[in-house]
S.K.: 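Sending over a structure as structure tokens; questions will come in a sec.
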Amino acid sequence: MWSQLSSLFYSKMDMLSTSDHASVVSMNLFVALLCGCIVIGHLLEENRWMNESITALLIGLCTGVVILLISGGKSSHLLVFSEDLFFIYLLPPIIFNAGFQVKKKQFFRNFITIIMFGAIGTLVSFSVISLGAMTIFKKMDIGSLELGDYLAICAIFAATDSVCTLQVLNQDETPLLYSLVFGEGVVNDATSVVLFNAIQNFDLTNIDHRIAIQFSGNFLYLFFASTMLGAMTGLLSAYVIKKLYFGRHSTDREVALMMLMAYLSYMLAELFYLSGILTVFFCGIVMSHYTWHNVTESSRVTTKHAFATLPFVAEIFLFLYVGMDALDIEKWRFVSDSPGTSVAVSSILLGLLMVGRAAFVFPLSLLINFSKKSHSEKITFNQQIVIWWAGLMRGAVSMALAYNQFTRPGHTQLRGNAIMITSTITIVLFSTMVFGLLTKPLILFLLPHSKHFNSASTVSDLGSPKSLSLPLLDGGQDSEADMDNQDEAVNNRYEGIHNRTIARPGSLRMLLNAPTHTVHYYWRKFDDSFMRPVFGGRGFVPYVPGSPIEQNTDNLLDRT
């Protein structure tokens, strides 16, 4: 009896040790591949065709082929895809850093346009793709799919992928296009969540005006609740750091608190069934406006590096795994008997995706241009083409949603579900490779005179004289974190001792033509009179003995 138990125990331990060793081997290979992606991406930095996402995708595909050959066609990936891993650990830092680095003036100046593209545009695209898919797919033999499955796959492809937008558009080179396309991707996340809930909870066979009203109410609640939760979490972090002066003892506490509060905002949104993407995005905006200025100089540099590094690695990880998972033999086995069907479904969905996006980008842009008085504020036709093209990419977000809808723990046993999964993979690969490769050349061809802003791209620009030599009303340099510098902080703190040096506008005409009473003007008055005294912000510099700011302050007092 005891011998049987002991033999069973040792056999189980051997199995566990073998499994653990296999996991260690997989992680080693994956980390090595990540390092290879970073090195190769650096070597291809000057190439106008390539970017990190495409490089990681190609390396993932090549790795998948090698693993497939070594395993004898049994497997093509090192790790099993988990949508929980994606949504809980990889997506939050990507979206938070986008909010933390976003040019706020550019974003909020086009906020109405972003809302129209993200909400109305997503609904228009969803309607076009749904009608086309249900009309065509019902005539094809693609397995047993219900109405909810059709609508779910259409909701997945109707939404712009925010992660892909970060890879193909540069905020400094094309700030308007970046703010519109990425902002649309953030807002239509809320629209997609409402669409998914509507598909699962509403009686889709009996649609009337009450369902439309309920849908609109759910969207407004989700949007405003998610936005307020992110803003309140960011303000709470700013208030706590401002009042408690963590930097007196340890800057590590400041950095850790900022990271954890940002992550907490995302998890709270998931806890209350809100849009985590919206919440953590606006949390990043508020933190860059208030919290970042309340910490010490060393914490500012550390957080800028940390918030940029984490999403960089997460994005490479995602595209690398997407490339490997695309060759997963299990999913393709179900469609191997009729490969033409899978290709046809992918082609139809891709065509509907392109038509559905065109159905709202050009009409809404025309409507928005009618409301603009200044010709410089209007969206030109070339810009509309780039907006349409750049929003066609689908990536890891689409794959995660498709896995969530059509598989259980990453596996599927139904032919219809397998076709939807393989079609999603095909569209992700095609859109990333083709649309991603051609986006930069298309921008250079259609918008050859687009402005380039380089001062906001690196941490080393903090405190550089360049930030003070820019025109006073320059709309390109509007990120609070990018414009802050050490000398300005010292002068703000000791304003009564030393006169502050103010950068002069590059042109008097810019100053005379600038509107004096705008929404931004009234917000700045409210911000300066109430928000900054309570929550801190630019001008608030915590006193930390021995810090660079304190040393610079001593030198300044000596000179005066």
Side-chain angles (χ1 to χ4, degrees), residues 48-49 51 98 102-122 124-125 128 160-162 164-188 353-393 431 434-454 456-457 470-471 473-479 506-507 509-510 513-515 518-520:
R48 68 173 184 173
W49 298 92
N51 55 48
V102 74
K103 296 180 181 297
K104 291 184 283 295
K105 285 183 184 178
Q106 190 69 250
F107 181 81
F108 288 106
R109 185 183 293 129
N110 301 291
F111 193 67
I112 301 300
T113 304
I114 291 170
I115 292 294
M116 293 181 66
F117 279 176
I120 300 175
T122 303
V124 172
S125 179
V128 171
T160 302
D161 195 313
S162 304
C164 291
T165 304
L166 294 171
Q167 290 288 329
V168 298
L169 291 179
N170 189 301
Q171 181 175 207
D172 301 320
E173 297 176 357
T174 54
L176 174 63
L177 302 180
Y178 178 92
S179 63
L180 290 180
V181 180
F182 178 77
E184 172 200 343
V186 173
V187 174
N188 68 22
L353 168 62
M354 300 176 71
V355 173
R357 183 159 183 80
F360 77 84
V361 168
F362 298 105
L364 288 182
S365 298
L366 183 64
L367 181 63
I368 291 166
N369 287 340
F370 278 128
S371 64
K372 300 289 185 181
K373 296 181 180 180
S374 174
H375 180 73
S376 61
E377 296 179 353
K378 295 183 178 181
I379 306 174
T380 65
F381 183 71
N382 287 353
Q383 289 176 330
Q384 294 175 32
I385 294 177
V386 176
I387 292 171
W388 169 74
W389 182 269
L392 292 173
M393 287 184 64
S431 63
V434 177
F435 301 147
L437 279 172
L438 297 178
T439 297
K440 287 184 180 180
L442 184 68
I443 292 175
L444 293 174
F445 176 74
L446 295 177
L447 307 171
H449 302 295
S450 61
K451 295 181 180 180
H452 294 263
F453 303 100
N454 297 322
S457 58
L470 290 173
L473 300 177
D474 189 357
Q477 183 83 5
D478 53 17
S479 175
S507 170
R509 184 178 299 175
M510 292 171 58
N513 293 339
T518 60
V519 175
H520 181 258

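Basis for what follows: all heavy atoms, side chains included, without hydrogens, waters or symmetry-related copies.
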S.K.: I need the L442 CG to N382 CG distance, nearest 0.5 Å.
M.R.: 8.5 Å

S.K.: Against W389, only a single residue in T439, V181, L446 fulfils side-chain contact (heavy atoms from CB on, under 4.5 Å); can you say which?
M.R.: T439

S.K.: For F182, check ring-ring contact (aromatic ring centres under 6.0 Å, His included) against everything at least two apart and list the hits.
M.R.: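 F182: ring-ring contact (aromatic ring centres under 6.0 Å, His included) contacts with Y178, F281.
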
S.K.: Which residues pass the side chain to side chain contact (heavy atoms under 4.5 Å, CB included) test with I115, sequence neighbours left out?
M.R.: F111, V187, F223

S.K.: Treating R357 as the side-chain partner and I387 as the backbone partner, does any N or O pair qualify as donor plus acceptor under 3.5 Å?
M.R.: yes

S.K.: From I443 CD1 over to T174 OG1, what is the distance, rounded to the nearest 0.5 angstrom?
M.R.: 5.0 Å

S.K.: Using a 4.5 Å cut-off on heavy atoms from C-beta on, say whether the side chain of L367 contacts that of M116.
M.R.: yes

S.K.: About how many Å separate CG of L176 and NZ of K103, when rounded to the nearest 0.5 Å?
M.R.: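 Those atoms lie 13.0 Å apart.
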
S.K.: Could I get the full list of side chain to side chain contact (heavy atoms under 4.5 Å, CB included) partners for F362, not counting sequence neighbours?
M.R.: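 Listed in chain order: A358, F381, Q384, I385, W388.
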
S.K.: Which residues satisfy the side chain to side chain contact (heavy atoms under 4.5 Å, CB included) test with S125, sequence neighbours excluded?
M.R.: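 In terms of side chain to side chain contact (heavy atoms under 4.5 Å, CB included), with neighbours along the sequence ignored, S125 is linked to I129, A158, F360.
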
S.K.: Restricting to non-hydrogen atoms, name the atom on S431 and the atom on M393 that form the minimum distance, rounded to 0.1 Å.
M.R.: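 The pair with the smallest heavy-atom distance is O-CG, 3.7 Å.
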
S.K.: Nearest 0.5 angstrom please: L364 CG to F117 CZ, how far?
M.R.: 6.0 Å

S.K.: Below 4.5 Å, heavy atoms only, C-beta onward: do I379 and T113 meet side chain to side chain?
M.R.: yes

S.K.: If you measure from NZ on K378 to OG on S371, what distance do you get to the nearest 0.5 Å?
M.R.: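 The distance works out to 9.0 Å.
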
S.K.: Under the side chain to side chain donor-acceptor pair (under 3.5 Å) rule, what pairs show up with a residue in residues 360-369, not counting sequence neighbours?
M.R.: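 Sorted pair list comes back empty.
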
S.K.: Please give me the minimum heavy-atom distance between L169 and A390, naming the atom from each residue.
M.R.: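 In this case the closest contact between L169 and A390 is CD1-CB, 4.1 Å.
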
S.K.: Please enumerate all residues that pass side chain to side chain contact (heavy atoms under 4.5 Å, CB included) together with V434, with sequence neighbours excluded.
M.R.: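 Scan of V434 (side chain to side chain contact (heavy atoms under 4.5 Å, CB included), adjacent residues dropped) gives F430, L438.
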
S.K.: Check S179 against I114 and note the closest heavy-atom contact, atom names and distance.
M.R.: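 Closest heavy-atom pair between S179 and I114: O-CD1, 3.3 Å.
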
S.K.: Donor-acceptor check, side chain of N110 to backbone of L180, threshold 3.5 angstrom: yes or no?
M.R.: no

